[in-house]
Amino acid sequence: MNLRRDVFQAIADPTRRSILMLVAAQSMTAGAIASNFDTARPTVSKHIQILTECELLRSEQNGREITYHLNPNKMKEIADFIEPFRKMWDEKFNKLEDVMKAYQKKNV
C-alpha cells in the first residue's frame with residue numbers, strides 16, 4: 001500500500017522535527033540518528049522513511065551505509081508557506097506592543 005505523505009503531517013511529529021534538527025546540523029546515518037533517541041531503532045527508521053517520502057530528507061548511499069541529508073529546497077517550501085502567517089503575527093504583536101507602551105505612559 002503506497003500512502004501519500006503530507007509534509008505538514010510529517011513535521012507535526014516532535015520526533016521527526018528532532019530528526020530534522022539533527023540532520024540540519026550534520027548529515028547522519030540512520031544508526032547515528034537513532035542513537036539520539038530512547039526509542040527502538042525500527043521506530044526511528046520509520047520516522048526517517050516518512051521524512052524521506054516527504055522529501056524533507058534525501059539519502060545518499062556510500063557503500064553499505066546510507067547517509068541522510070536535509071533537503072533545503074523542501075524546507076524552503078515550508079518556510080515560504082509559513083512566512084505570510086509569521087508576518088501577520090509579527091504585525092499583531094507589534095500593534096499590541098504599541099498599545100501596551102501607550103497604556104504604560106498613560107498610567108505612569
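Here the structure is a predicted model, which is why all the values come from computation and not from measurement. For reference, positions follow the sequence shown, starting with 1.
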Quick one: do Ile78 and Phe8 satisfy side chain to side chain contact (heavy atoms under 4.5 Å, CB included)? Show the steps, please.
-> CA-CA 8 Å; Ile78 295 169; Phe8 292 99; 4.0 Å; yes

Excluding sequence neighbours, so at least two apart, what forms side chain to side chain contact (heavy atoms under 4.5 Å, CB included) with [X]?
X: Ala40; value: Pro42, Thr43
X: Lys92; value: Met88, Trp89
X: Glu65; value: Thr29

Give a yes or no on whether the backbone of Gly63 and the side-chain of Gln61 come within a donor-acceptor separation of less than 3.5 Å.
-> yes

Give, for atom OG of Ser59 and atom NE2 of His69, the distance between the pair rounded to the nearest 0.5 Å.
-> 8.0 Å

Look up atom CG in Asn36 and atom OG1 in Thr15, then write down how far apart they are to the nearest 0.5 Å.
-> 11.5 Å

ILVMFWY cluster, [X] and [Y] together (side-chain gap under 4.5 Å):
X: Phe37; Y: Leu51; result: yes
X: Ile66; Y: Leu22; result: yes
X: Ile50; Y: Val23; result: no

Any pair counted as side-chain hydrogen bond (donor to acceptor under 3.5 Å, both in side chains), so long as it reaches residues 96-108, sequence neighbours left out | Tyr103-Asn107

Considering residues at least two apart in sequence or located in another chain, which fulfil the side chain to side chain donor-acceptor pair (under 3.5 Å) criterion with Asp90?
-> Arg86

For Asp80, check side chain to side chain donor-acceptor pair (under 3.5 Å) against everything at least two apart and list the hits.
-> Lys76

Nearest heavy-atom approach of Ala34 to Val44 is CA-CG1, 3.9 Å

Indicate the atoms forming the closest heavy-atom contact of Glu55 with Asn71, along with that distance.
-> O-ND2, 2.8 Å

CA sep, side-chain torsions, deciding dist, call: Arg17, Met21, side chain to side chain contact (heavy atoms under 4.5 Å, CB included) | CA-CA 6 Å; Arg17 289 193 307 268; Met21 295 296 290; 5.5 Å; no

Test side chain to side chain contact (heavy atoms under 4.5 Å, CB included) applied to Leu20 and Leu56, step by step | CA-CA 8 Å; Leu20 289 172; Leu56 292 167; 4.0 Å; yes

Check whether any side-chain heavy atom of Arg58 lies under 4.5 Å from a side-chain heavy atom of Thr52, and answer yes or no.
-> no

Under a 4.5 Å cut-off applied to non-hydrogen side-chain atoms, are Arg16 and Ile11 in contact?
-> no

Going by the side-chain contact (heavy atoms from CB on, under 4.5 Å) test, name the single residue among Leu57, Thr67, Ile19, Ile33 that passes it with Met28.
-> Ile33

